[in-house]
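Comments concern the structure below.
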2 protein chains.
Amino acid sequence: MPTQTDAGAGRVRRPSVTDVARLAGVSVGTVSNVLNRPDRVAGATRERVLAAIEELGFVRNASARQLRSGEITTIGAVLLDIANPFFTEIARGIEDRLAVDDLTLMLASSDENPDREARYLRLFAEHGVRGLLATPSHGSIDALLAVQDKGIPVVLLDHVSPVPELGSVAVDDVTGAGLAITHLLEQGHRRIAFVNGPMTLRQCVDRRDGVVQTLTEHGLDPAEALVELGVDNLNADAGAAALDDLLDRPGPRPTAVFCVNDLTALGVLRALREHGVPVPEEMAVVGYDDVSFASMLTTPLTSVRQPMHTLGWTAADILLRSGAGEPEQVVFTPELVVRASSDPAPEARPRFGLAATRRGGRIAGWPR
Amino acid sequence: MPTQTDAGAGRVRRPSVTDVARLAGVSVGTVSNVLNRPDRVAGATRERVLAAIEELGFVRNASARQLRSGEITTIGAVLLDIANPFFTEIARGIEDRLAVDDLTLMLASSDENPDREARYLRLFAEHGVRGLLATPSHGSIDALLAVQDKGIPVVLLDHVSPVPELGSVAVDDVTGAGLAITHLLEQGHRRIAFVNGPMTLRQCVDRRDGVVQTLTEHGLDPAEALVELGVDNLNADAGAAALDDLLDRPGPRPTAVFCVNDLTALGVLRALREHGVPVPEEMAVVGYDDVSFASMLTTPLTSVRQPMHTLGWTAADILLRSGAGEPEQVVFTPELVVRASSDPAPEARPRFGLAATRRGGRIAGWPR
DNA sequence: CGCCGGGAGTTTATCGATTCAACGCCGCGC
DNA sequence: GCGCGGCGTTGAATCGATAAACTCCCGGCG
């Protein structure tokens, strides 16, 4: 039989240390000592207090605690989209790091909406979180700097900080796109389509840079070797539409498609299937992110894997160690995972690692 | 040029109402009035105070605020697995409902680990959250009842409450499984495989009940028409292994597979592909959850859709309206989405709705 | 015998915002 | 000329936990 609600007790107020002290026949100071410095209290007294706590169902009031002692156990994180597996994996990494120090994560999703992001920043600031992790949307760096000026350390997620005052953790998307293109060139492809998203997103800009740069390095003229296709949304339908567009075009057809993320690649695969184009024989496909289902498709998708869990873990770690005053800016190198969509006989080849750890100047005005 | 950190200001303490009051030349009471009851303050005074707030970069201290006034703006949610798209969608629904009332969501992931769950429950209780949403793991109902006894309303997510004291929101999995089986029977299948997970999970138990019940209703003997396959993990690899097992068995081969969730269905599809069994011609496949990628597979997957967003939204709504004292227990009916994996010529047919809204007894000991 | 030290526990100031009783002041009405 | 109502503001008490300062008591030592 389950614990039952006190029938009709009509409890209004949660018990406080005062109530516990009264019941145990000691002072509030002693109760506080039992909770925070148990060794300073005589055994018998401690037992009485613990019994009283148990009997009343006393729970510490985190607000009062925090107000008085300044000890804060909460970290805030504002992610672009909580429904995107990329960010969920990051959140997992953050959580795992925070659990080590018995801290809690307050998660929020801005949906790329600056108003929502600003609202969450305000709420987190009011709650006096110990630190803040954020995937900045366009132009919100100033707001984040303002938060840090108020004494709350901030670390950027999936975004290299443009200023030395902010810590950051990111993945080198230029290199990532380069890995994908190099792989396709090695497979013999000489004319490659690139399905890219809006250039207001940093990721799209960087990945395009990597594509163009790599082609040039291999002595190819991007104007000839590259067919660029733009989509507004980074989802599957947009990818399918882009591919329909590509197949309708006159001139020599590319033999490979590189997609800015896995969702668009999914749409491209679907469209190719509908058009009866075999993958990878007549058209190779490479995605980006390596989300969980990329390996589970009927044609497993070659993709550029980002160390999502590590990304979150590291961001939280930098934040927690930021008391030292040196904001770190870390950039990871992505790994190419070759699967059947680009190679009939794929072979696993991890190429993973820390590219660079750059230490910026110390954070001005940091409490010590 | 971005807002810069006050070079070397060495700020230690955040400004308080007292600081604002001093700068504006008024008392703290007036500052508080400006913040909370601006109409009671004369225009000129109000302007001076607002200017002082702006100049100091004053941010309200949520702890002090909450301590004194008891007003709480945070809701806690403990989900089974934050990396599972099913729960992420639920979180989105919760967030959307909370945004209406300007509340914040504190999200945590228990990973089916009772210790982790207990730890989060304690933390949330200490923070004095306004309410708690939780997907209970095995046997944690008592702990949740204890939390509610302490004055924090609780609503169960994806789980019908076994006691009338707790609100709950769930999906009727018996009916959901029934929809899937009925569909397969209508397609002419008379021998069906069922890939199910561990019976310690409520979902697995209920879905099996639905399968058996539906077969019986159609005059079939489950012992003959049903081939049961068990897996330990609800992921793709387990699904693939289960299918390999099935194809090795002697006797008449089933013509359809119903999977307890979409991930296992994904594995089944992959294994069928490897064995050269055409879908749906020689083997139809139906999944459960209708996660986002189910429709994007090269063979789109028929699946039982759960109203995930609505689930979260409704749970939050019940929680917020629970002040009235009547915990609601809502059960939604799932919808079958027919796609190519079970029907060569699928047709969209939404069948969606609220099955039942049952009102339990009033919550004992509720503050009024 | 008087003083010191230290263990055990109590008292009290404090954190920052809120709230409410009280107060000063002004103008209106009798 | 006096009182009264009410607006705008003030000052102090308050929320619950914490920690520093303090009291008390007892044993040991010079």
Side-chain angles (χ1 to χ4, degrees), chain A residues 11-50 52-53 56-73 122-123 125-129 150-151 367, chain B residues 11-50 52-53 56-73 122-123 125-129 150-151 367:
Chain A
R11 175 178 303 162
V12 188
R13 200 175 55 87
R14 294 164 55 189
S16 72
V17 274
T18 314
D19 301 320
V20 174
R22 191 176 318 132
L23 181 59
V26 297
S27 72
V28 290
T30 302
V31 176
S32 176
N33 280 333
V34 169
L35 292 170
N36 303 300
R37 289 166 296 273
D39 46 312
R40 290 200 199 163
V41 180
T45 316
R46 195 189 319 141
E47 293 308 320
R48 279 216 317 286
V49 172
L50 289 176
I53 286 176
L56 293 174
F58 166 78
V59 180
R60 272 141 108 140
N61 181 324
S63 294
R65 193 175 159 68
Q66 178 171 326
L67 175 61
R68 177 61 234 247
S69 69
E71 281 268 316
I72 311 163
T73 59
R122 178 176 59 77
L123 273 168
E126 289 185 0
H127 276 268
V129 292
K150 285 175 185 155
Chain B
R11 175 177 304 161
V12 187
R13 202 176 54 87
R14 293 164 55 188
S16 73
V17 274
T18 314
D19 302 321
V20 173
R22 191 176 318 131
L23 180 60
V26 298
S27 74
V28 290
T30 302
V31 176
S32 177
N33 280 334
V34 169
L35 293 169
N36 302 299
R37 287 167 296 273
D39 46 312
R40 289 200 199 162
V41 180
T45 316
R46 195 189 320 141
E47 293 306 322
R48 278 216 317 286
V49 172
L50 290 176
I53 288 176
L56 292 174
F58 166 77
V59 180
R60 269 142 111 141
N61 181 324
S63 294
R65 188 177 164 68
Q66 178 171 326
L67 174 60
R68 178 60 235 249
S69 68
E71 281 269 317
I72 310 163
T73 60
R122 178 177 58 76
L123 273 168
E126 288 186 0
H127 276 269
V129 292
K150 286 175 183 153

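In what follows, every chain begins at residue 1, and chains take the letters A, B, ... in the order their sequences are listed.
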(request) Would you indicate, yes or no, if D/dA19 has its OP1 or OP2 atom less than 4.0 angstrom from a side-chain nitrogen or oxygen of A/Arg37? (result) yes
(message) Check this one for me: any side-chain N or O of A/Ser27 less than 4.0 Å away from OP1 or OP2 of C/dG9?
(response) no
(request) Side chain of A/Asn33 only, please: which of D/dA17, C/dT19, C/dT10 is the nearest? (result) C/dT10
(request) Assign A/Thr45 to base, sugar-phosphate, or nothing according to its heavy-atom contacts below 4.0 angstrom with the strands shown. (result) sugar-phosphate
(message) Please pick, from D/dA19, D/dG16, D/dA13, the nucleotide with the shortest atom-to-atom distance to any side-chain atom of B/Arg68.
(response) D/dA13
(message) Please tell me if A/Asn61 has a side-chain N or O lying less than 4.0 Å from either OP1 or OP2 of D/dA17.
(response) no
(request) Nearest whole angstrom, please: distance from the P of C/dG16 to the CG of B/Leu35. (result) 15 Å
(request) Among the candidates C/dG9, C/dT18, D/dT18, find the nucleotide nearest to the side-chain atoms of B/Val17. (result) C/dT18
(request) Figure out the CZ/C1' separation between B/Arg22 and D/dT9, and round it to whole Å. (result) 18 Å
(message) Looking only at the side chain of B/Val26 (C-beta and beyond, no hydrogens), which of the listed nucleotides D/dT10, C/dT11, C/dT19 gets closest?
(response) D/dT10
(message) Among D/dA19, C/dA8, D/dA17, which nucleotide has an atom closest to any side-chain atom of A/Ala42?
(response) C/dA8
(message) What contact category does B/Val31 fall into here, base, sugar-phosphate, or nothing, at under 4.0 angstrom with non-hydrogen atoms?
(response) nothing
(request) Can you tell me the distance, in whole Å, between the CD atom of B/Glu47 and the P atom of D/dT9? (result) 12 Å
(message) Below the 4.0 Å mark, does D/dC15 have OP1 or OP2 next to a side-chain nitrogen or oxygen of A/Arg14?
(response) no
(request) Compare every heavy atom of A/Arg37 with every heavy atom of A/Ser32, then report the nearest pair and how far apart it is. (result) OG-NH2, 4.1 Å
(request) To the nearest Å, give me how far apart CG (A/Asn36) and C1' (C/dG9) are. (result) 16 Å
(request) Mind calculating the distance between CZ (A/Arg60) and P (D/dA17) to the nearest angstrom? (result) 9 Å
(request) May I have the distance from B/Gln66 (atom CD) to C/dA17 (atom C1'), rounded to whole angstrom? (result) 12 Å
(message) Go nucleotide by nucleotide along DNA chain D from the 5' end; which of B/Asp39 and B/Ala64 gets its closest nucleotide reached first?
(response) B/Asp39
(request) Ignoring hydrogens and angles, tell me if any N or O in the side chain of A/Arg48 forms a donor-acceptor pair with the backbone of A/Ala24 under 3.5 Å. (result) yes
(message) Rounded to whole Å, how long is the line connecting atom CG of A/Leu67 with atom C1' of D/dT14?
(response) 12 Å
(request) Could you say whether A/Gly29 or A/Arg40 is positioned toward the 5' end of DNA chain C, judged by the nucleotide with the nearest heavy atom to each? (result) A/Arg40
(request) Report yes if at least one side-chain N or O of A/Thr30 is closer than 4.0 Å to OP1 or OP2 of C/dA8; otherwise report no. (result) no
(request) May I ask you to say what B/Ser32 touches in the nucleic acid, namely base, sugar-phosphate or nothing, with a heavy-atom cut-off under 4.0 Å? (result) base
(message) Within the structure provided, determine whether B/Val20 and B/Val34 are in side-chain contact (heavy-atom separation under 4.5 Å).
(response) no
(message) I'd like to know if the side chain of A/Gln66 and the backbone of A/His127 have a donor-acceptor N/O pair within less than 3.5 Å.
(response) yes
(request) Working to the nearest 0.5 Å, report the span between CG of A/Leu35 and CZ of A/Phe58. (result) 5.5 Å
(request) Whole angstrom is fine here: how far is it from CZ in A/Arg65 over to P in D/dA19? (result) 8 Å
(request) Measure the CG-CZ distance between A/Leu67 and B/Arg68 for me, rounded to the nearest 0.5 Å. (result) 12.5 Å
